[in-house]
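Notes follow the structure.
Numbering starts at 1 and runs along the sequence shown. No experiment lies behind these values; they were computed from the predicted model shown.
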Amino acid sequence: MSETTLRIVVLGVVLITSSWTLDGTEPSPFERHFLDATLRVDFFHTGDAKQEQVSLDRLYRQGRWAGSRRHLVDREGLGSYVVAVYDTGDGSLLYSRTFDSYFGEYRTTAPASEGVSRTYHESVLVPMPLRPAVLEISVRHPGTESEDLLTAAVDPDSGAISAEPPARGVTVIDSAIGGAPQVTLDIAVVGEGYVEDEVATFRQDLEHFTNVLFRYQPYDTLRSRISIRGVIKASADSGCDEPGRGVWRDTALGASFGSLGSPRYLLTENNRALRDIAANVPYDTLVIMVNHSRYGGGGLYGTYCVFTAHNRWSDYLLVHEFGHSFAGLADEYYTSSVAYTDFYPRGTEPAQPNITALLDPDNLKWKDLVADGTPLPTPWSKEQFEAIEFPYQQRRRQFDARIAEASRAGASEEEVRTLSESKERLTVEVMEQVGNLLREEKFSDQVGAFEGAGYAATGLYRPMADCLMFSRGAQGFCKVCRRALAETVQRFAE
């Protein structure tokens, strides 16, 4: 059914059967096929760069469906994986959504290419079927047909679907409620690494970062369509794991720096704990807020994002990483080292809305925002930028290595702090240089196609000279990213 899955996801074709409510009005497609409840599908994702498989773990019936009741079929196709629900009678597609996963990133790493197999626990949410249905999970590789990974029968009356309550000992905080879950984008901010005595700190952080998100467009304009709730289960220890520095913490979610071998990449592999805690609230998307001062974070489209709450760049981290997980925005930077290899294969157009391979300049995906006379590709001070950035990245890696070595060797907190402060001063100095350079560009305020994006110095292009997805700073999102974010909020809030 994989070819059918992809075709219907792209075209957005939904076949429905006719029925009527008791008051004589025709029910919506959602009401015809789904209950007002959430089906959580937990599964194991195993493999390496060449092969992968998915095996079902458990099905859970959770609270009310927080997603849209109008936009039931994914038309954007941003993620590499597809979850779909089909009618068992005529095979029609009832629901679909694309997403990215921890395993999906792992398979692009060097160990995966060398045949090292790993297993990750993952989850997807779909509306609870009203009648028996078929659930599918498939993968889409660039330039190839989709491949079915899991096909499972779902019977809503089956005793195999767990209805156990969500995790206990959880505190829920309403930070900003824009309306009922079915007509708002529902964001759950899950606290990580806050001990019992720091729950008050979590409340303060939640309030601060709620205000931060609403400072940026398009969230400010659309705040009445957004709900934000905090969810926290106290940890035994503060902070999170830092394997490269020999630091280990007992925390609620097991978040860890050094994910996929990148020192600043911060994710969690304890997906079951994350989902059990988050189940205490309705949510469309998850944010993990980590009680830590070190710079770090990560974002997986349709899964979750992570950021550390107590460093100079925390505001940027939240908004940047949320852009990944919520709207599928790509990283536009290319000078920083990452764990991936060939993340965007050459010769293919990325699905992400804010980068392009510019294979067809006459049909650029954001062509309507490009002013007449703007050259494509668009010239910018690339050599000057790289003359600043590449030496900085080398020095940053050296600082990271020195800090990690000092920490593992049992150096004093003062010594580690001194090294960290020196690194921070360097970063601030370089970010100011970069900001000044990009603001002075001839086409700095115009949309075009600026080479250097998606971890690649050549062959990939970003829409504007600078953007929150390209560099740290207070510049906000570029016009293309703002549009993509606004459209995504609307899809969840209708």
Side-chain angles (χ1 to χ4, degrees), residues 27-43 56-74 79 81-87 93-99 101 121-137 150 152-168 170 172 174 177-190 226-231 271-288 300-304 325-326 488 491-494:
S28 68
F30 182 88
E31 293 169 323
R32 287 174 177 159
H33 300 293
F34 298 106
L35 299 168
D36 185 14
T38 300
L39 178 65
R40 173 179 139 199
V41 182
D42 281 12
F43 56 93
L56 185 65
D57 178 19
R58 293 187 69 183
L59 301 176
Y60 296 84
R61 176 171 177 154
Q62 297 187 163
R64 298 185 64 186
W65 175 245
S68 173
R69 302 188 182 196
R70 291 184 55 194
H71 300 284
L72 298 178
V73 174
D74 190 307
Y81 296 90
V82 183
V83 58
V85 179
Y86 293 91
D87 185 279
L93 178 66
L94 306 179
Y95 175 87
S96 68
R97 188 178 179 189
T98 63
F99 63 98
S101 70
H121 189 270
E122 300 172 352
S123 300
V124 290
L125 304 183
V126 301
M128 176 65 72
L130 181 61
R131 293 174 292 276
V134 175
L135 181 138
E136 270 195 3
I137 295 176
L150 173 71
V154 176
D155 183 352
D157 297 323
S158 171
I161 299 179
S162 171
E164 64 188 41
R168 293 180 170 87
V170 171
V172 174
D174 290 343
I177 305 300
Q182 65 268 26
V183 293
T184 58
L185 166 67
D186 294 278
I187 305 170
V189 180
V190 185
I226 299 172
S227 293
I228 302 175
R229 298 174 177 87
V231 194
N271 174 71
R272 183 178 284 110
L274 169 64
R275 299 293 179 160
D276 287 347
I277 293 171
N280 282 273
V281 298
Y283 67 90
D284 296 309
T285 187
L286 291 173
V287 175
I288 302 173
L300 303 170
Y301 172 63
T303 302
Y304 64 73
S325 64
F326 166 60
T488 309
R491 284 196 295 273
F492 279 101
E494 293 180 346

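In terms of modelled atom types and a separation under 3.5 Å, the side chain of Ser96 and the main chain of Val73 share no donor-acceptor contact.
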> Do Arg131 and His33 pass the side chain to side chain contact (heavy atoms under 4.5 Å, CB included) test, and can you show the C-alpha distance, the side-chain angles, and the key distance before you say yes or no?
Replying inline: CA-CA 7 Å; Arg131 293 174 292 276; His33 300 293; 3.6 Å; yes

> Going through the distances and angles, do Arg275 and Leu286 end up as a side chain to side chain contact (heavy atoms under 4.5 Å, CB included)?
Replying inline: CA-CA 9 Å; Arg275 299 293 179 160; Leu286 291 173; 3.9 Å; yes

> Is there a side chain to side chain contact (heavy atoms under 4.5 Å, CB included) between Ile228 and Val189 once you walk through the steps?
Replying inline: CA-CA 7 Å; Ile228 302 175; Val189 180; 3.9 Å; yes

> After noting the C-alpha distance and the side-chain angles of Thr285 and Phe492, does the key distance pass the side chain to side chain contact (heavy atoms under 4.5 Å, CB included) rule?
Replying inline: CA-CA 10 Å; Thr285 187; Phe492 279 101; 5.9 Å; no

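Atom-to-atom distance recorded for Phe326:CZ and Ile187:CD1 is 7.0 Å, nearest 0.5 angstrom. Atom CG in Asp74 sits 4.0 Å away from atom OG1 in Thr98 (nearest 0.5 Å). One finds the CD atom of Glu136 at 9.5 Å from the CG atom of Leu93 (value rounded to the nearest 0.5 Å).
With sequence neighbours excluded, the residues satisfying salt bridge (Lys or Arg N to Asp or Glu O under 4.0 Å) with Arg272 are Asp57. Every residue two or more places apart in sequence or in another chain that forms a ring pair (Phe, Tyr, Trp, His ring centres under 6.0 Å) with Tyr81 is listed here: His45, Phe99. When the salt bridge (Lys or Arg N to Asp or Glu O under 4.0 Å) test is applied to Arg40, the partners found at least two apart in sequence or on another chain are Asp42, Asp276. Qualifying ring pair (Phe, Tyr, Trp, His ring centres under 6.0 Å) partners for Tyr95, counting only residues two or more places apart in sequence or in other chains: Trp65. When the ring pair (Phe, Tyr, Trp, His ring centres under 6.0 Å) test is applied to Tyr301, no partner is found at least two apart in sequence or on another chain.
Side-chain contact between Phe34 and Val126 is absent, with no heavy-atom pair separated by less than 4.5 Å. Residues Thr184 and Ile226 have side chains not in contact (no heavy-atom distance under 4.5 Å, counting atoms from C-beta outward). Ser162 has its side chain within reach of Tyr60: a pair of non-hydrogen atoms, C-beta onward, lies under 4.5 Å apart. The side-chain heavy atoms of Leu72 and Leu94, taken from C-beta on, include no pair separated by under 4.5 Å. Side chains of Pro282 and Arg229 form a contact here, defined as non-hydrogen atoms less than 4.5 Å apart. Val190 places none of its side-chain heavy atoms less than 4.5 Å from the side chain of Val287. Counting heavy atoms from C-beta on, the side chains of Met128 and Ile161 come closer than 4.5 Å.
Smallest separation of non-hydrogen atoms from Tyr283 and Ala279: CE2-N, 4.4 Å. A pairwise comparison of heavy atoms in Glu494 and Ser68 identifies O-OG, 2.5 Å as the closest pair. Between Val85 and Pro129, the shortest heavy-atom distance links the atoms CG1-CG, 4.3 Å. The shortest heavy-atom contact between Leu56 and Phe43 is CA-CB, 4.3 Å. Contact detail for Ala167 and Asn280: the closest heavy-atom pair is O-ND2, 3.2 Å. Minimum interatomic distance between Glu31 and Pro27 (heavy atoms only, all atoms of both residues): OE1-CA, 3.3 Å.
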Under 3.5 Å, which donor-acceptor pairs link side chains of residues 152-160 to any protein atom two or more places apart or in another chain?
{"from": "Asp155", "atom 1": "OD1", "to": "Asp157", "atom 2": "N", "distance (Å)": "3.0"}
{"from": "Ser158", "atom 1": "OG", "to": "Ala160", "atom 2": "N", "distance (Å)": "3.0"}

